[in-house]
Every structure is written in structure tokens, then in C-alpha cells.
Undergrad: 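Could you have a look at this structure, given as C-alpha cells, before my questions?
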Amino acid sequence: CPSSLIITHVDLDEPQGDQRLLAHLRAMGAEFTVDAQRQTLKVSGPQSLRGICVDVNDCIDMVTILAVMGAFASGKTIITGAAMARQKECNRLAVMQDVLMRMGAVVTCTQDGLVIEGGHRLQAIRGHGHRDHRIVLAWSVAAMAVEGETVITDSHWVTKSFPGFVSGMQALGANMTIQPSVDVMA
């Protein structure tokens, strides 16, 4: 059934490369409207995403969420220009390959990126967040689209870049918690 979501405090003038994600999502077929004056983004769904070829050299931190989107898109998503992602809080290319493959996706690591074959049925898994907020954020988004309980240890790292992530997801109806000893996201 059709739904929509309005995201507030969307500042497209920030120096981070994160706003480039919108152009990549649009290329994948996502439909949304941006109100720069009100700093809002309205996403309407459901939509079918398609794989794309994308160079993330200028938005390296987007490699994790683009990999997740590629896993849910039809066709092949090819991410290049991501060699630096191996030197972040963890080797984000290897970790995302591992996470998505264990979920049921077909993913190949290349010298400077990932190739994701979309369209496979994914499943919930358990694993370690590798002390990396971007891994935990992207994996949590993937977990929202599969059945079953996903458990990510070290999930408290989301607070590094998005302190209100869990409460925001809960406001949308997600059954998501962070527990002191074992962090659970479902």
C-alpha cells in the first residue's frame, strides 16, 4: 500500500558528500521531493529500485547504504571509487560484502568497490557492527526490509553520527533497541 515519509532538517548545503546520495537514489528510481527552504525531503512509496553504476569517490561514506540499496534493487549495482572505504573504522567493503552475503545477496568485492546482484530474497542475521556507525546504520536499514530478528553487536556506534537514530526508527514503527550487553535491532 502506498505510504510517504517526510524527513526534516535536510540541509543540502552541508559540506559533507551525503547529499549526493539523493542523486544516486533518484538514478535508482526512488521518488522524492525536496523543499530546500523548509529543509524537508518527502519520500513516497513503494517503489521499485534498479541497479546503477556509481563512483563514490566524492561521497565515500555512502558506500554502505548504497550497497544495501543495491541488494534490494533489481539488476546489478556497481560501486567504484571506494578503495578508501577499506581504511575507515573498518574495511567497509569487506564487511558489507560479508553482511549482505550472509543475508542472501550476491556480492563481489573489487579492487575499488563492490558489485551487488540485486533481487535476491534476504534474511535476518546476527553479527558484529565492527565499531563502525555507517555499517550499523546501513545494516539496520537492511534489517527493516527482512523478516526475523537481526542482532548487531556494537550497535551503539550509531550515536557517533546519528544519536536519535533508534528513537527516530521507533517513531516510524520499528522494533529496535540498543541493549547494554547485546545490541538488538529487528
Side-chain angles (χ1 to χ4, degrees), residues 1-50 52 54-73 77 79 81-82 84-85 88-90 92 95-96 99-100 114 116 129-146 150-180 183-186:
C1 86
S3 62
S4 65
L5 170 68
I6 297 176
I7 302 169
T8 59
H9 307 292
V10 177
D11 185 1
L12 297 178
D13 294 325
E14 283 189 2
Q16 289 274 359
D18 294 1
Q19 65 268 22
R20 290 180 186 85
L21 177 64
L22 298 180
H24 299 317
L25 292 178
R26 187 166 275 138
M28 294 181 91
E31 295 179 16
F32 53 86
T33 55
V34 177
D35 185 331
Q37 183 177 349
R38 292 189 176 143
Q39 293 189 328
T40 61
L41 176 92
K42 181 178 181 181
V43 182
S44 300
Q47 298 149 11
S48 295
L49 299 177
R50 62 185 167 273
I52 59 170
V54 58
D55 183 337
V56 297
N57 188 52
D58 62 350
C59 54
I60 195 70
D61 287 333
M62 294 297 97
V63 71
T64 56
I65 193 63
L66 284 170
V68 166
M69 301 304 288
F72 289 98
T77 297
I79 301 172
M84 182 60 83
K88 292 290 189 170
E89 287 84 340
C90 67
R92 289 180 178 166
V95 171
M96 287 310 299
V99 166
L100 292 173
L114 296 168
I116 302 105
H130 295 272
R131 299 180 175 212
D132 190 324
H133 57 123
R134 298 277 182 173
I135 295 290
V136 175
L137 289 166
W139 188 353
S140 298
V141 169
M144 296 301 301
V146 300
T150 295
V151 177
I152 307 170
T153 60
D154 265 358
S155 62
H156 65 278
W157 289 97
V158 297
T159 59
K160 177 178 178 179
S161 58
F162 194 164
F165 179 72
V166 172
S167 61
M169 294 299 280
Q170 289 169 336
L172 295 172
N175 179 13
M176 184 178 289
T177 60
I178 293 183
Q179 299 173 351
D183 306 333
V184 177
M185 301 197 151

Undergrad: Identify the two heavy atoms, one from Ala67 and one from Ile116, that lie closest to each other, and give their separation to 0.1 Å.
TA: CA-CD1, 3.9 Å
Undergrad: Within this structure, what is the OG1-NZ distance for the pair Thr33 and Lys42, rounded to the nearest 0.5 Å?
TA: 6.5 Å
Undergrad: With respect to Met96, which candidate in Val68, Leu66, Val63 satisfies the side chain to side chain contact (heavy atoms under 4.5 Å, CB included) definition?
TA: Val68
Undergrad: Can you list the steps and then say if Ile65 with Val141 is a side chain to side chain contact (heavy atoms under 4.5 Å, CB included)?
TA: CA-CA 8 Å; Ile65 193 63; Val141 169; 4.0 Å; yes
Undergrad: How long is the gap from CG on Leu41 to CD1 on Ile7, to the nearest 0.5 Å?
TA: 4.5 Å
Undergrad: Taking atom CG of Leu49 and atom CZ of Phe72, what is their separation to the nearest 0.5 Å?
TA: 10.0 Å
Undergrad: Is there a donor-acceptor contact under 3.5 Å from the side chain of Arg26 to the main chain of Phe32?
TA: yes
Undergrad: Would you compute the distance between atom CE of Met144 and atom CH2 of Trp139 and round it to the nearest 0.5 angstrom?
TA: 15.5 Å
Undergrad: Under a 4.0 Å threshold between the charged nitrogen and the carboxylate oxygen, would Arg92 count as salt-bridged to Asp61?
TA: yes
Undergrad: Where is the tightest heavy-atom contact between Gly81 and Ile60, given as atom of each residue plus distance?
TA: O-CD1, 3.6 Å
Undergrad: Step through the shown structure and confirm whether more than 12 heavy atoms of other residues, nucleotides or ligands are within 6.0 Å of CE on Met84.
TA: no
Undergrad: Short question: side chain of Gln170, backbone of Asn175 - any donor-acceptor pair under 3.5 Å?
TA: no
Undergrad: Going by an N to O cut-off under 4.0 Å, is there a salt bridge joining Glu89 and Lys160?
TA: yes
